[in-house]
Number of protein chains: 2
Amino acid sequence: MEIPYKIYLSEDEIPRAWYNVRADMKVKPAPLLVPSTLKPATAEDLGHVFCDELVKQELDNDHAFIEIPEDIRNFYKMYRPSPLVRAYCLERALGTPAHIYYKFEGNNTSGSHKLNSAIAQAYYAKKQGLKGVTTETGAGQWGTALSMATAYFGLDCKVYMVKVSYEQKPFRREVMRTYGASVTPSPSDTTNVGRAILAEHPGTTGSLGCAISEAVETAVSNDGYRYVLGSVLNQVLLHQSVIGLETKTALDKYGIKADVIIGCAGGGSNLGGLISPFVGQKLRGEADYQIIAVEPASCPSFTRGKYAYDFCDTGRVCPLAKMYTLGSNFIPSANHAGGLRYHGMSSTLSELYHQGLMEARSVEQTSVFDAAVQFARVEGILPAPESSHAIRVAIDEALKCKETGEAKNIVFGLTGTGYFDLVAYQKYNDHQMSDYIPTDEELQKSLAQLPKVEN
Amino acid sequence: MEIPYKIYLSEDEIPRAWYNVRADMKVKPAPLLVPSTLKPATAEDLGHVFCDELVKQELDNDHAFIEIPEDIRNFYKMYRPSPLVRAYCLERALGTPAHIYYKFEGNNTSGSHKLNSAIAQAYYAKKQGLKGVTTETGAGQWGTALSMATAYFGLDCKVYMVKVSYEQKPFRREVMRTYGASVTPSPSDTTNVGRAILAEHPGTTGSLGCAISEAVETAVSNDGYRYVLGSVLNQVLLHQSVIGLETKTALDKYGIKADVIIGCAGGGSNLGGLISPFVGQKLRGEADYQIIAVEPASCPSFTRGKYAYDFCDTGRVCPLAKMYTLGSNFIPSANHAGGLRYHGMSSTLSELYHQGLMEARSVEQTSVFDAAVQFARVEGILPAPESSHAIRVAIDEALKCKETGEAKNIVFGLTGTGYFDLVAYQKYNDHQMSDYIPTDEELQKSLAQLPKVEN
């Protein structure tokens, strides 16, 4: 059967249930801990912060499949199934015998896979009768996705945007406003935690950890509001499993067996979603795959972090998570251009990595942009810097195949487009992009502040 | 048969030939005239400016179908067939019995339909053994599309970008640079015509007509270069017929008969492409459709222009075209935010309009952005301001159906996304957008400068 450039499934083939990889894990991801007691968080503890149904999903280690409500599936139909693209042009340009496929999640206005979870979280908030939700956003992909989702369901949406991004990415901010969200630069004087941070660091340009703290505080101190998060959490990986499920359906349909599966890793939402059905097969002993997480050398939580309980936010108002972490005060160096800048990693992925079910590689950003531009010129799509981490390693693997003559099937996640990342591309085009790898001393310093918790 | 949210044809269903509506016109569009002699331009005249094969297509009034070369079809497969979307969510929001469909051309990095012709023009340039091509761009959609196409075929690409856009849209510029194009703000001191304009108007921020003149001069004065244009020309409408052909195939597949077909109109590339197979049916007496061209009230060439020969560019180096025109010195008022700002209209569309085969409406930009935001919030896609002209009239027609109870099938062209138009959206969100309709006196003044040509 000839493989088309783009494998489109029909709308009937959008998954009817999300896949929960935790159900197939013998050793489960470590539970979240309440910061004040360091005891595992219960549904009641989490219910102050998150919507009830999402809390259930967060804590559910048992059910392998959780039905996708009809309203969410209908929204998915506006931009899903996303295409699984055969990178014929890239293969030709590389002269590789490998077959390269990418699952492209960028064909929607949020520009990334984030919408898959945003619409689910907005749906459950609406169903619970809430007035609105709060969240943080860094580069703005998640905030944009959430504002689209809340506009669809008529919910209020309060976004805390890391101040440096708020100023440098006015267009992302404007998309959110167009979808009716209010956007506040963080740290702000609208919260206690924001005012405290501003008092201590008057000139600060903010961080994700700080914006999370402000969003959580706003949610718990306003009636009818809950906090929502675009990555890291179990529930987010659950929703993102649509990426992997569709990918697997498309591959199966054409009788393609993936050899290598590659995804970029920041908090883990895309990677976790892409790989979950394949990891499920590995866990059940049904199939084997080489799975590679790719992270920036400037924010290397998998490859150089510690597997330990840590704070999820700067203000320490969130539950603690056991994860590969660089320490909650770690901030990537100023020359780091893209996303993937969170200090920790999804607990589920951390446990899978710990169990040896996948490997991790770190790459430097100049080589990431080399790959991005090479890809853009032959495949037509200008990729997000985040996604380009996966492109880098996909190209590296394809070039290895060229040496060995192996015709491997390489599958990677192209999470989004780079239309709002042109400042970074400009730096690259002007040869002003540089690399930075944190020293061992720097990492030891930020890791020294890990909380004292029995692991 | 249940109609999905998105009708995707298979890659086999990408047209194998473009459709040339001129072949079915009894009265053909008026020929281009050489500016120095005012005689109809021959293939030899045009061959100095355009690629040989494109000149053939430009002058071909006889062949109804022109085969699409395999290399172009393969490139099309990277982003085509584009989806024909059933706007279920918009229908629900409007409470209309009408069925609304839109052909969405924005799922590619150029963000619009412009890529359909860019890849064809780059292909023929490559086939002729040229070194590169020159062009102008206003808002940047066409320049981006062309830079993607020339990168694919390894051609040099020199873009003259209207200075005001060059400064206000640095990100569009950066996309072009990423694809290897050189981008020069126009007017520039790199051409005679640019230097003359700068001497006469030192502070000018440029215009499309001026950038065209510079691009043409650069093409004819450099060995191995030709000029390419993204709209207005017959060849461009020919390439853009893939939009209409795919739309018709999708509608036929589901047994849907369009009642109203709506497209925005600037130079006419999208509108001409969308409607051509349907107009062909009208011309052959096989079917009838209501066809509506939508243009900005601030640049109303169809609704308030004169059908006459006019200059296509400010420097008067290009052939003259017979078209609905506002006069080659007409420039929309400063508060006009989007594209669709060319003073004239495709000769083919002008003749079809003159023959009464379609109607035209002008709309004011505030109401266009009202429609854009309403559409974005329910259909998920943030539309380009240009495309939103068609959305405005599609919504108006759907609301009429609500009054009359008619379940009309309304089809419109959604030419692209608004990701690089956030300055305009910001104005709208901040309630700082205004409307302007040129006075009769202003139009009389610009029309008084039409060249003296027997019509």
Side-chain angles (χ1 to χ4, degrees), chain A residues 2 4-6 8 10-12 74-81 83 85 88-89 104 106-111 115 119 144 147-149 151-152 154 170-175 177-180 369 372-373 376-383 417-426 428-430, chain B residues 2 4-6 8 10-12 74-81 83 85 88-89 104 106-111 115 119 144 147-149 151-152 154 170-175 177-180 369 372-373 376-383 417-426 428-430:
Chain A
E2 198 190 348
Y5 279 62
K6 302 175 300 315
Y8 272 110
S10 75
E11 285 165 16
D12 278 346
N74 281 341
F75 187 91
Y76 280 166
K77 286 178 188 171
M78 290 207 289
Y79 69 102
R80 306 203 69 84
V85 185
Y88 281 116
C89 298
F104 180 44
N107 273 349
N108 70 75
T109 288
S110 83
L115 197 52
I119 192 62
T144 308
S147 67
M148 291 174 68
Y152 187 77
F171 292 165
R172 278 272 193 211
R173 184 180 81 201
E174 216 46 50
V175 179
R177 289 184 68 211
T178 301
Y179 281 94
F369 276 80
V373 172
R377 291 190 182 186
V378 292
E379 288 290 320
I381 299 165
L382 188 79
T417 52
Y419 307 151
F420 292 89
D421 301 287
L422 272 309
V423 170
Y425 275 98
Q426 182 166 11
Y428 176 81
N429 292 334
D430 290 339
Chain B
E2 198 191 346
Y5 279 62
K6 301 176 300 314
Y8 272 111
S10 74
E11 286 167 15
D12 278 345
N74 282 340
F75 187 91
Y76 280 165
K77 287 178 188 171
M78 291 206 288
Y79 69 102
R80 306 202 70 83
V85 185
Y88 282 116
C89 299
F104 180 43
N107 272 348
N108 70 74
T109 288
S110 81
L115 196 53
I119 192 62
T144 309
S147 66
M148 291 173 67
Y152 186 77
F171 292 165
R172 278 273 194 211
R173 184 181 79 202
E174 215 47 48
V175 179
R177 288 185 68 211
T178 302
Y179 282 94
F369 275 81
V373 171
R377 290 191 182 185
V378 293
E379 288 289 318
I381 299 166
L382 187 78
T417 53
Y419 306 151
F420 292 90
D421 301 288
L422 272 310
V423 170
Y425 274 98
Q426 182 166 11
Y428 176 81
N429 292 334
D430 290 340

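Every chain is numbered from 1, with letters handed out A, B, ... down the list of sequences. FYI, side chains are in, hydrogens and waters are out, and symmetry mates aren't considered; it's all heavy atoms of this structure.
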Original post:
Counting distance only, does the side-chain N/O of Arg377(A) pair as donor-acceptor with the main-chain N or O of Thr178(B) below 3.5 Å?
Top reply: yes

Original post:
Centres of the Phe171(B) and Tyr419(A) rings: under 6.0 Å?
Top reply: no

Subject >> Interface moiety of Gln426(B) toward chain A, non-hydrogen atoms closer than 4.5 Å >> reply: both

Original post:
Who among Asp12(A), Leu115(A), Asp430(A) has the most heavy-atom pairs with chain B under 4.5 Å?
Top reply: Asp430(A)

Original post:
So do the side chains of Leu382(A) and Tyr179(B) get within less than 4.5 Å of each other, counting heavy atoms only?
Top reply: yes

Subject >> Region of Phe75(A) in contact with chain B, defined by heavy-atom distances below 4.5 Å >> reply: neither

Subject >> For the student: nearest non-hydrogen atoms of Leu422(A) and Glu174(B), plus distance >> reply: O-CG, 3.6 Å

Subject >> Closest non-hydrogen atom pair between Glu11(A) and Pro4(B), with its separation >> reply: OE1-CB, 3.2 Å

Original post:
For Asn74(B), is it the side chain, the backbone, both or neither that has a heavy atom under 4.5 Å from a heavy atom of chain A?
Top reply: both

**OP:** Could you tell me which non-hydrogen atom of Met78(A) sits nearest to which non-hydrogen atom of Gly380(B), and how far apart they are?
**Re:** CE-N, 4.5 Å

Original post:
Could you walk me through whether Cys89(A) and Tyr152(B) pass the side-chain contact (heavy atoms from CB on, under 4.5 Å) check?
Top reply: CA-CA 9 Å; Cys89(A) 298; Tyr152(B) 186 77; 3.7 Å; yes

**OP:** Measure distances from Asn108(A) to the heavy atoms of chain B and classify the residue's part below 4.5 Å as side chain, backbone, both or neither.
**Re:** backbone

Original post:
Is there a donor-acceptor pair under 3.5 Å between the side chain of Lys6(B) and the backbone N or O of Arg80(A)?
Top reply: yes

**OP:** Let me know if Val85(B) has heavy atoms under 4.5 Å from chain A in its side chain, its backbone, both or neither.
**Re:** neither

Subject >> Option in Tyr425(B), Phe420(B), Tyr79(B), Tyr8(B) with maximal non-hydrogen atom pairs under 4.5 Å from chain A >> reply: Tyr8(B)

**OP:** Side chain from CB out, backbone as N, CA, C, O: work out which of these in Tyr88(B) comes under 4.5 Å of a heavy atom of chain A, or both, or neither.
**Re:** neither

Original post:
Can you name the closest pair of heavy atoms from Arg177(B) and Asn429(A) and give their distance?
Top reply: NH2-O, 3.8 Å

Subject >> Heavy-atom check, side chain of Thr109(A) versus side chain of Thr417(B), under 4.5 Å >> reply: no

**OP:** Under 4.5 Å heavy-atom distance to chain A, tell me which part of Arg172(B) shows up: side chain, backbone, both or neither.
**Re:** neither

